[in-house]
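See structure below.
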Amino acid sequence: MLPKNKRLRNSADFAAVYKQGKYVVSRQLVLYYRKNTGTAEIRVGFVASKKLGASTVRNRCKRLLREAVRRLLPEIKPGYDLVLVSRPPLKTERFQNIVATLARLLRKAGLMENKNEETSCLEH
RNA sequence: UGAGCAAGCUGGGCAGCCGCGACUUUUUUAAGUUGAGGAAAGUCCGGGCUCCGCAGGGCAGGGUGCUGGAAAACGUCCAGUGAGGGCGACCUCAAGGAAAGUGCCACAGAAAACAAACCGCCUUUUUUUAAAGGUAAGGAUGAAACGGUGCGGUAAGAGCGCACCAGCAGCCUGGCGACUGGCUGGCUUGGUAAACCCCACCCGGAGCAAGACCAAAUAGGAGGGAUUAAGGAUGGCCCGUCCGCCCCUCGGGUAUGGUCGCUGGAGGUGCCAGGCAACUGGCAUCGUAGAUAGAUGGCUGCCACUCCUGCACAGGAGUACAGAACCCGGCUUACACGCUUGCUCGGCUU
C-alpha cells in the first residue's frame, strides 16, 4: 500500500492527467502519466470501473495495483502524476504477472530510472 | 441402518516478514493497541435522528386486512382459529364484505344469472309428424348448470312432503376473541373483491450529499413595523395559513476544500424471576471499524478440505456468497466443504 501523500485524491487531478497526459496500454491495464512541475513526489491514482464487476472485484484489482506500485516505487522517476485504469483481464491475473506488466508499461513510458536492471523488481 | 421433517452453527486455521486506515503515547519518528458481514448486498418495509415547517379541515391518493398478544414501530415476530396438503414429523394460505351497487364469466353449451328450455319425459289435439301445454328427475357442454343422497309422492316431475348431510337465520354452552359444540326454524342464496368498489384502522415532506461551523471567492439573507392587487410557498385540488411591495435594525447565507455530525446503542454475554412463547424486569460482566478516489493487501512455512494427474507416496490448482459508509428492528435474495440438536416413517438385530 501507499501512504496518502503519494496518491491522487481529488477529481481535478484525475481530470488533468486524463486531459493533458499521455498513455500506454496493455491487455490488463492502461497507464496515464503527466509531468507535475509543482512537486518532486510521485502521485498515483487507481481506477476500477463497474465493467469489472461487483465491489469486491473492483477493490481487489485496486489493492493488487497498489501493492505492485509499492514494489516498483524506488525505481520510478519522481515528479509525475500517474493514473492506472484496470481492464477486465486483470481480474484473473496473478500478482507476479501484474508486477511484470506494470514494469513493462513504465519502461515503455520512459519512467524507469535504471533500464539496465530490468528484472530486479521481480526478485522477491 | 435407510428415507425424511424442523431448528441452529461455522464461513479455512496457526506462525513469520513487508505494507495501509484509526486511536494512544512520544524524544517527531518510532512504539503499542485495533481494524468488514451473516448476509455488510437488494433498498422492500418500519423506527430513531436532522431540517423544512405547523401538519388545521375536506376531497383525492397510498398502505394494511382471521383473532389475541409482543414491541419504539412494522407489511415483522409469538401463540391460537379456520381452510388445504402429507401415512407421519410437519408444511402452505393476500384468510374482512358477493344479502350496498356496478362490471366480467373465453371456448363449448339450449341456457353463465330478475333465468330459460336443445334432446328427453308426461298430458291433450292430430293428417304419425307436428302443434299447444306441463316438467327440470335423465342426456349432452363446461372450471362452474339455481343444494346433495335416499324414501315417499306424481300423468311425468319438482323441497311438493319426510330423514340425514351441506348451507342460512335465531337462541344457548365454552372461550377475552377468531371460533367451537348443541338446539330450534323456514326449506335455499353460482363464481370473481391480487375487477371497480364498500367497511375498519394507519399515513405531513425530504433525507447524513440530512444538518451545523470555518476559510477564500461571489453577492444574498434574518428580525420588526406597515399593507392594496397580480403572483409565489404550503407533495396533488379546494378552503385556510404564510410570503411578497415600502421603511427601520442586524450582520450573515451557498455540495470547492476543511472540521463536526460519526458511533455507547430500543448494545452483546451470563445468571435469576415472570410468561406456553415472542418478550419483559433485576443483577453481574464486556468494550466491539469509523474510511471519504474511500483503510483489511502481498509473500513464505506447516496443517485441514475439494478437484485434476496418479497404485500408494507425491505433484499441481483452488478454498463459497460476497466489502462497512448515520444508526437500529425486520423482510427478501446469494452462499463451497462441513458440523450439531430434536423429531417422524421404515428395515435389521436383541
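In what follows, every chain begins at residue 1, and chains take the letters A, B, ... in the order their sequences are listed.
- If A/Leu64 and A/Ser55 are placed on RNA chain B by their nearest nucleotide, the residue sitting closer to the 5' end is A/Leu64.
- Under the Watson-Crick or G-U wobble criterion, with both distances below 3.5 Å, B/U241 is paired with B/A233.
- One C1' atom belongs to B/C237, the other to B/G80, and the distance between them is 47 Å to the nearest Å.
- More than 90° away from 0 lies the glycosidic angle of B/A289, which makes this nucleotide anti.
- A cation-pi arrangement is present between A/Lys35 and A/Tyr80 under the rule of less than 6.0 angstrom and at most 45 degrees off the ring axis.
- As judged by a 4.0 angstrom heavy-atom cut-off over every strand, A/Ala68 is placed among residues making no nucleic acid contact.
- Without hydrogens or angle criteria, A/Ser86 side chain to A/Val47 main chain gives a donor-acceptor distance under 3.5 Å.
- Looking only at distances, no side-chain donor or acceptor of A/Arg34 sits under 3.5 Å from a matching main-chain atom of A/Val83.
- Both A/Ala54 and A/Val47 lie near RNA chain B, and the one whose nearest nucleotide falls closer to the 5' end is A/Val47.
- The side chain of A/Arg66 places an N or O atom within less than 4.0 Å of a non-bridging phosphate oxygen (OP1 or OP2) of B/G294.
- Taking atom P in both B/U50 and B/G211, one finds a spacing of 13 Å when rounded to whole Å.
- Separation of the C1' atoms belonging to B/G57 and B/U67 is 36 Å when rounded to the nearest angstrom.
- Annotation: B/G48 and B/A210 have their C1' atoms spaced 14 Å apart (nearest Å).
- On the C1' atoms, B/A145 is 8 Å away from B/A112, given to the nearest whole Å.
- OP1 or OP2 of B/G297 has not a single side-chain nitrogen or oxygen of A/Arg70 nearer than 4.0 Å.
- Using atom P as the reference point in both B/G294 and B/A22, the two lie 12 Å apart (nearest Å).
- Using a 4.0 Å cut-off, no side-chain N or O of A/Arg58 falls inside it from OP1 or OP2 of B/A322.
- Nucleotides B/G323 and B/C335, compared at atom C1', are 15 Å apart to the nearest Å.
- For A/Arg63, the side-chain atoms get nearest to B/U296 when compared with the rest of B/U296, B/C299, B/G294.
- For the OP1/OP2 pair of B/A322 and a distance below 4.0 Å, the side-chain nitrogens and oxygens of A/Thr56 include no atom meeting the criterion.
- Side-chain contact between A/Val69 and A/Ile42 is absent, with no heavy atoms from C-beta onward closer than 4.5 Å.
- If you take atom P in B/G205 and the same atom in B/G56, they sit 13 Å apart, rounded to whole Å.
- Syn is the glycosidic conformation of B/G159, whose angle stays within 90° of 0.
- With a cut-off of 3.5 Å on both Watson-Crick or G-U wobble distances, the partner of B/C197 is given as B/G97.
- Which of B/A295, B/G297, B/C299 sits closest to the side chain of A/Glu67 comes down to B/G297.
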